[in-house]
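To keep things clear, I will list the structure first and then write my remarks on it.
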Amino acid sequence: MVAIKTLLDVFAALAALLGLAPVVPFLSPPVLLLGAGAVAGGLWCDRCGRYPLPPMPGTLLALAGVAYYAAQISRAEVALPVVHALVVLLAVRLLSAKQSRDYLQIFVLALFLLAGSSLLSLEIGFIVYLIALVIVVTVSLVLLTVFVTDPRLALPHRDLWRLLRVALILPAASLVLMLGFFVILPRTGQPLWNFLNPAGQAVAGLAESVSPGAFARLSTVKSLAFRAEGPELPAEERYWRALVLNQPQGSQWVRGEPPAEGSARLVGGRPVSLTFYPEPRSDRYLVTLDRPFQVSGVRNQLSPDQVFSTTIANGQRFRFKVDASYGADLQIGNRSVRDFYLVAPGRISARTAAAAAQIAASGPGSAERLAALASFFRDRRLTYAQENLPGGPDPVDAFLFDQKRGYCEYFAAAYATLARLAGIPTRLVGGYYGGEYNPLGGYYLVTDDTAHVWAEVLTDEGLWQRVDPSQWASNAGTSLGAARAAGLGPLQRLTDTLNYFWVQAVVVYDLGRQFEIIRSVGHLWQGWRLGAPAVGVWGWLAAAIASGGLVLLVARRRRGSREARLLATLHARARARLQPEIMVESLGLSELAERLDSNECREFARIYQGAVFRDRALTVVEWVRLKALLKKL
């Protein structure tokens, strides 16, 4: 025999644990200790029947905790104080004596905690906790209905298992409904999550200035920068453009307002379309494939130098589409911008000036000077490195002539300095280089440690061309290339694919996705009518939801005739035991029980009549008991 109260105690602790688990990383140590101790201590108290918190002290402690954390609520921080207050309330309830309403409060608090965790971080683990908590709470509510009728009731293991099997139908149905409502309910442009508590921003972001060592420091940050869905590109074309740095300022390169470049067009290259899923971060620039010509799906502003910025608040998740032409050059119509991109740094060493003069003397045109500049970098035997980098008042001079080791910003800044001194308009481009292509999901995974800076030069023909001087490092093949080509293992690839689909299907799911589903359903219907059902992912999802709804409808109809099926089974068993001429359907249940002289039939009549004759449906416990009685007949 298993006591219903014992089961409720276990399910209450399990619900509390599922509510606490997703917020553990965000709790202060005292509240974390309180919550964990309350779960374990509450189970021990339930078993012993002794509780450390009487009703009045428990109420006062709960009110004090709520008041303390309510005072910490501000416009910038809403969710975290509320989550802490919920943990205090949950702990008080776990460590107090429990009646039916107390169990209900525990389940509600656990659900609120899980909802609060989505304000702090909406990761893929949320769906696991949600499904588990829905199952625990719905089964517990069925047990709670039994507990209300008789708190001391205990069931045999066989009857208890039957009860739990019936109770599990409810969460299965509710999960199907949740999926359906998620797909069809409308979305707002600005979700409530961002109003209550902006999402945590990424560790790294691309600033509007580059100083020596800035990108080298980013190389230690392994966090995800963005994912880009699309076809696999050649390794040498995986340049992800974000911003342009166009003016020197001391030892830094900064972003100034770029001049208009007239009518511009892309020359050469191959067109490609990619969908980007950026992580929340601290800058406002949209990362695109070099070279982009259109960005859609998000509000954005385009600068003359092909830099796209967004007006969406930092920290919000979104997606956008980029149409680009990789391997192309940018043809501009306004040649007067040359002077803007010829401004040289204020501090130039004699050695740097002499090298630039030698490059300028190599020929009158940009082609000859660019070739001489490339030869200069190769001849210097520079090393691509992340440590022991040059510093001091003139890091470019120290990089080129003394230490001869540097990260991408050293190569790009030195190249731009020499190019401008040699009369070649140049600018720096900051972004990312490389990334891991995941064939399971068909997307690129680009992390912050692949942050990169390269150069663009304006030729005599008015073409902006990409030049990456880091590729001329003596160890580029083993250092730069290896760092950008590090692959994921099979398990990592599978895990990240799941995360990718979670972001795609849930985190950035919006009105546009809903229209995609509607169109998929339309294509699915047309395919069936034409006899060729070529269906996409969203089409199968819509079909699954429709199938789930049909199953629920059938189950509901079957549930509506549950009493009739029980009565028909009873009549069939009675006919097998009585004489054939007796019309068992014409007998009342009490009369039938006397004819059979069966205690099981008498109990069946009492339970059945107590429900049906009072115009109410059978409870789950009654239905399980009637099924057991029929088996004994």
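Atom set for the values below is all heavy atoms of this structure, side chains included, hydrogens, waters and symmetry mates excluded. It should be emphasised that the depicted structure is a prediction, and the values quoted were computed from it without experimental measurement.
- Applying the salt bridge (Lys or Arg N to Asp or Glu O under 4.0 Å) rule to pairs touching residues 411-420 yields nothing, sequence neighbours excluded.
- Annotation for F340: atom CZ counts as buried by contact number, over 12 foreign heavy atoms lying within 6.0 Å.
- In this structure, the side chain of Y410 engages the main chain of P390 through a donor-acceptor pair within 3.5 Å.
- No more than 12 heavy atoms of other residues, nucleotides or ligands sit less than 6.0 Å from atom CD of Q249.
- To the nearest 0.5 Å, the span separating CZ on F376 from CD1 on I359 amounts to 5.5 Å.
- Rounding to the nearest 0.5 Å places CG of L27 at 7.5 Å from CG of L80.
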Full working for side-chain hydrogen bond (donor to acceptor under 3.5 Å, both in side chains) between T447 and T450: CA-CA 6 Å; T447 50; T450 63; 4.6 Å; no

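- Qualifying side chain to side chain contact (heavy atoms under 4.5 Å, CB included) partners for R335, counting only residues two or more places apart in sequence or in other chains: Q331.
- Within 6.0 Å of atom NZ in K404, more than 12 heavy atoms from other residues, nucleotides or ligands are found, so the atom counts as buried in its surroundings.
- Judged by distance alone, with hydrogens and angles left aside, the side-chain atoms of H84 form a donor-acceptor pair with the main-chain N or O of S28 at under 3.5 Å.
- Side-chain contact between V429 and V307: absent, with no pair of heavy atoms (C-beta onward) separated by less than 4.5 Å.
- Looking at R380, its side chain does come within 3.5 Å of a backbone N or O of L400 through a donor-acceptor pair.
- Residues satisfying the side chain to side chain donor-acceptor pair (under 3.5 Å) criterion with E461, sequence neighbours excluded, are T459.
- Among F226, Y432, Y285, the one residue that satisfies the ring-ring contact (aromatic ring centres under 6.0 Å, His included) test with F276 is F226.
- Smallest separation of non-hydrogen atoms from V322 and P292: CG1-CB, 4.1 Å.
- Between the W240 side chain and the G434 main chain, a donor and an acceptor come within less than 3.5 Å of each other.
- Residues passing the salt bridge (charged side-chain N to carboxylate O under 4.0 Å, His left out) test with E232, sequence neighbours excluded: R238.
- For N246 (side chain) and G256 (main-chain N/O), a donor-acceptor pair under 3.5 Å exists by modelled atom type.
- For Y341, the ring-ring contact (aromatic ring centres under 6.0 Å, His included) test picks out W464, with sequence neighbours left out.
- Within a 6.0 Å sphere centred on OH of Y68, other residues, nucleotides and ligands contribute 12 heavy atoms or fewer.
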Verdict with supporting geometry, L266 and D329, side chain to side chain contact (heavy atoms under 4.5 Å, CB included): CA-CA 6 Å; L266 296 179; D329 295 327; over 6 Å; no

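- For S336, the side chain to side chain contact (heavy atoms under 4.5 Å, CB included) test picks out N334, with sequence neighbours left out.
- Side chains of Y384 and N475: a donor-acceptor N/O pair is absent below 3.5 angstrom, by distance only.
- E229 contributes no side-chain N or O that, together with a main-chain N or O of T275, makes up a donor-acceptor pair within less than 3.5 Å.
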Would you tabulate the side-chain donor-acceptor contacts of residues 412-419 under 3.5 Å, counting partners in other chains and residues two or more places apart, or write 'none'?
{"from": "T417", "atom 1": "OG1", "to": "A413", "atom 2": "O", "distance (Å)": "2.8"}

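- V244 places none of its side-chain heavy atoms less than 4.5 Å from the side chain of L428.
- Judged by distance alone, the side chain of T310 and the main-chain N or O of R299 form a donor-acceptor pair under 3.5 Å.
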Worked check of side chain to side chain contact (heavy atoms under 4.5 Å, CB included) between L274 and Y443: CA-CA 9 Å; L274 296 151; Y443 65 91; over 6 Å; no

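- Applying the salt bridge (charged side-chain N to carboxylate O under 4.0 Å, His left out) rule to R351 yields the partners D397, D402; only residues at least two apart in sequence or on another chain are considered.
- Scanning for side chain to side chain contact (heavy atoms under 4.5 Å, CB included) contacts around Y239 gives D290, Y433, H452, W454, R466, D468, Q471, with sequence neighbours left out.
- Checked against salt bridge (charged side-chain N to carboxylate O under 4.0 Å, His left out), R427 has the following partners two or more places apart in sequence or in another chain: E261, E456.
- By the side chain to side chain contact (heavy atoms under 4.5 Å, CB included) test, R381 is found to be paired with S474, residues two or more places apart in sequence or in another chain being considered.
- Scanning both residues, A476 and S470, for their nearest heavy atoms gives CB-O, 3.7 Å.
- Every pair passing side chain to side chain donor-acceptor pair (under 3.5 Å) that includes a residue from residues 358-367 is listed here, sequence neighbours excluded: S366-D460.
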